[in-house]
Asker: 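First the structure, which I've put down as structure tokens, then a few questions once you've had a look.
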Amino acid sequence: MIRKSLVIIGGGPAGMAAALGAVKGGLAPQEILILERDKRLGGILNQCIHNGFGLHTFKEELTGPEYAARYEAQIEEKQIPYKLETMVMSIREGEEKEIIAMNGREGILEIYAKAVILAMGCRERPRGALNIPGYRPAGIYSAGTAQYYVNMEGKLPGKEVVILGSGDIGLIMARRMTLEGAKVKAVAELMPYSGGLKRNIVQCLQDFDIPLLLSHTVVDIKGKERVEGVTIAQVDEKSVPIPGTEEFYPCDTLLLSCGLIPENELSLGCGVEISPVTGGPVVNECLETSKSGIFACGNVLHVHDLVDYVSGEALEAGERAAEYVLSEEDSGPGGQELTVCGENGVRYTVPSTINMNRMKETQTIRFRVGREFQGVKVSVYLEDTLLRSIPKKTMAPGEMEKVILLKKDLEGKEIQRIRITIEEA
Amino acid sequence: MFDVLIIGGGVSGCCIARELSKTQRRIGLLEAQPDICEGTSKANSGIAHAGFDAKPGTLMAKLNVRGNQLLDELALKLDIPLKRNGALVLCFEEEGLAKLQELYDRGVTNGVGELQLLSGEEARALEPALSEEVKGALYAKRSGIVCPFGLTIAMAENAAENGVEFYRGYRVSAVHLNESGTYSVSCENGESFETKILINAAGVYSDVIHNMLPEKEGHNHLEIVPRRGEYCLYDKQAGNLVERTIFQLPGVYGKGTLVTPTVHGNLLIGPTAEDVPGKEEVNTTKAGTDLLLSNGARSVKTLPGGKQMITSFAGLRAHHADHDFIIEESKGYPGFVDVAAIESPGLTSAPAIGEYVAAIVQDIKPAPMKPDFKDTRAGIVTTEGKTLAEKKAIVAENPAYANIICRCESISEGEILAAIHRPVGATTVDGVKRRTRAGMGRCQGGFCSPKVTAILARELGIPVEGVRKSGEASVILYGGLK
């Protein structure tokens, strides 16, 4: 049996930054334990060998493994304990949380902790959820699986490729597969806009003359044993394929990059409330879930575009978890409780509540919009009173946005709701 | 020289093999695909049908009821996932109530026990998710859910433990009657076999095998129509929508759309019924999915959302115009036994088909029983549903059980190694999936298939590029980078 103050589930960018945040918040490193299921720390960064990471955090452009290595070095330097190839099977909530985990060296571990940080990341939306008709041959991979094969195993999973979905991993893999000699014939995107970052569309598709077919989807997969081709059709504004627009693309591989889903099986298992919009836990200003002492950060909370933002959020979660562990008070914080509401195109906000007693001088609210906007402003209202507006030339679902609230703006106000909304500029 | 050679490693062929392995004979089984359970047996409803549906007096009715009876004991002896969850046949119109009564009477005639007619309210009391439109229901307590792979593979493993020789990747190309009265069977890979008795259990290809012997009196041309059934499979989060298997009153094309939990806790909706020209047309269609969802929505108030659907798939039933099983020794070719037109309820009937065919074989050429027949088989050890203490013991004994490969279904390297190294073990990614459920969860193998591929390569001693998803052409990787 192991007893710790804080157990962090996941040793990717979120988990590592959370651990550093907890140390910053005053926890002794040996009171922390990171549980990582893979052979090394770093999570999915290890297979993201392209660059573009760290522009915000380190003010320089790093590859995924380099970015991970910088955090890993800090973990080692501070001697924060971690266990690799260790899979967490369950979490039980309570004043003391019970975590059941296992690995091949130690067998089944029973770990007890005052606080837990969920940092399990996300997974790719599988084919079933996309419901593509056709055969079930080999050659259909999620973009991340293809990335694993190419970058981790050094193997080519396909030669002639069609990509469905223009999520960032799909865009990155369009370039990666092309560089490895594969022919990427098209990227089909169901929506009239890409879900990926603008820079990836330019650097990964346009620079390689790979067509991006917006408002298109795959309507059939041919090939009994290995993919032999896919049929792509245009869709109408309701995403319904338009008859007569079908075009057959011979290919041996279909990569799917149709969005990411926070991986919350463990969270659900311990009763954490999950937002139907983000697929991640509902959290307060401390990034604490509906279960006291269980925090969440990174892609398990909501899917981020940039790892830099994950690190920032996780650092915060770590500090808050340390505060929780070190705090003497048994009861809740008391005080005024504000609800943060996303309106008119703002799909969700993280956090969704703010307790004024625990609010710091500033509070970052992260959110995403549900469609593309041009020439608008993000307005923050306290109930019906406008607090502030920030002009935005363009907004897209693929780009995470944030506003920063100041405590002094909220203090002493007779309000219950903070509304974040998109308005005409 | 074989005493008996079976063509087809589906559930029929494997049940026949297991039943015959009780006797002192040299028995072989040829399977065209690289693994058993690759045809109709892998893509069906997974129901242990009670037996009220088949027309009284048919072989189908007889073997269905008998097969269903045999399943309980077999499930215990061979460690096959089976749950007696009961079934309801729903009727949505007052006029249908007479048809329910007809089904009830038919069930009684067929010897099905524990049938009960319910009002709409009574049915909804049992299954609160049922639609308000339900006017009445037939309740069959003897209906169950069974793992179709589990049943087929358990039979095959037990048969192999009792001496049956399995030849996978042996697609039969010709059958020839020798002057001596034996049969020569040639395969596409150049191998050939000689046997005294030949059993044709080739599923949708049973007409092709049958017709390899020239037509003559007592051996007419046979035609099997592939009838496609599409299915939608939902996440385990949706698995408790209903507890029982929910049928609708049968139509011309079969038992209608069912909504059922699977024995592993998913929710399954299906099948469609559409005759298709090709014997490999297991593609799903948008029309099929749409039909299933609209039909399914008649039975229950609300179907799970589309995001909960983890996959859709299709299987082909081996349909014959007479809609009855054809299990007989050819009158034109002594020693050639057809086991054809095994469509639904073929899975349920399979253990009884095994008995029935064994009796035919015994009539053709008797053989003594094996004194040392091993009638039990233990499934792959899993940690699923075990207590913490039990899990600790399993992991302590074999640390590979602590290395989780498939996160969605919590399947460890321990289970996968066992699947590969058992009798008639897995050699493909799909083979591992059907033996362990690795890759059957909500991510559908996105995370674990590279790991399973690597384990297969290591354990089989082949390069990773040599590993296949299922068939020989189902290449996963094209080799190293440039």
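Below, chain A is the first sequence line, B the second, and so on; all start at residue 1.
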Asker: Just by distance, do the side chain of R125(A) and the backbone of K307(B) share a donor-acceptor pair under 3.5 Å?
Answerer: no
Asker: Check each atom of L481(B) against the heavy atoms of chain A and say whether the ones under 4.5 Å are side chain, backbone, both or neither.
Answerer: both
Asker: My understanding is that only residues two or more places apart in sequence, or in another chain, count here; which of them pass ring-ring contact (aromatic ring centres under 6.0 Å, His included) with Y205(B)?
Answerer: none
Asker: Does any heavy atom of chain B fall under 4.5 Å from the side chain of E263(A), the backbone, both, or neither of them?
Answerer: side chain
Asker: Can you tell me which of E281(B), E413(B), Q237(B) forms the most heavy-atom pairs within a distance under 4.5 Å of chain A?
Answerer: E281(B)
Asker: Using non-hydrogen atoms and a 4.5 Å limit, figure out which bit of K159(A) sits close to chain B: side chain, backbone, both or neither.
Answerer: both
Asker: By a 4.5 Å heavy-atom criterion (distance strictly below it), what part of Q33(B) contacts chain A: side chain, backbone, both, or neither?
Answerer: side chain
Asker: If you take all heavy atoms of G446(B) and T145(A), which pair is closest and at what distance?
Answerer: O-OG1, 2.7 Å
Asker: Excluding sequence neighbours, so at least two apart, what forms ring-ring contact (aromatic ring centres under 6.0 Å, His included) with H216(A)?
Answerer: none
Asker: What residues of residues 265-279 of chain A sit under 4.5 Å from chain B when you count only heavy atoms?
Answerer: E265(A), L268(A)
Asker: Examine whether an atom of R37(A) lies under 4.5 Å from a heavy atom of chain B, and if so say whether it belongs to the side chain, the backbone or both; otherwise answer neither.
Answerer: side chain
Asker: Under 4.5 Å heavy-atom distance to chain B, tell me which part of V227(A) shows up: side chain, backbone, both or neither.
Answerer: neither
Asker: Are the side chains of P399(B) and R105(A) in contact, using a 4.5 Å heavy-atom criterion?
Answerer: no
Asker: Of all the residues in residues 469-479 of chain B, which have a heavy atom that comes within less than 4.5 Å of a heavy atom in chain A?
Answerer: K469(B), G471(B), E472(B), A473(B), S474(B), V475(B), I476(B), L477(B), Y478(B), G479(B)
Asker: Mind checking whether N403(B) and M87(A) have side chains closer than 4.5 Å, heavy atoms only?
Answerer: no
Asker: Sort R468(B) into side chain, backbone, both or neither according to what part of it lies under 4.5 angstrom from a heavy atom of chain A.
Answerer: neither
Asker: Report the C-alpha distance between E110(A) and K392(B) in whole Å, list the side-chain angles of each, state the deciding distance to 0.1 Å, and finish with yes or no for salt bridge (Lys or Arg N to Asp or Glu O under 4.0 Å).
Answerer: CA-CA 11 Å; E110(A) 286 164 84; K392(B) 277 184 175 173; 2.4 Å; yes
Asker: Check each atom of I100(A) against the heavy atoms of chain B and say whether the ones under 4.5 Å are side chain, backbone, both or neither.
Answerer: side chain
Asker: Which pair of non-hydrogen atoms, one from T284(B) and one from I132(A), has the smallest distance, and what is that distance?
Answerer: OG1-O, 4.0 Å
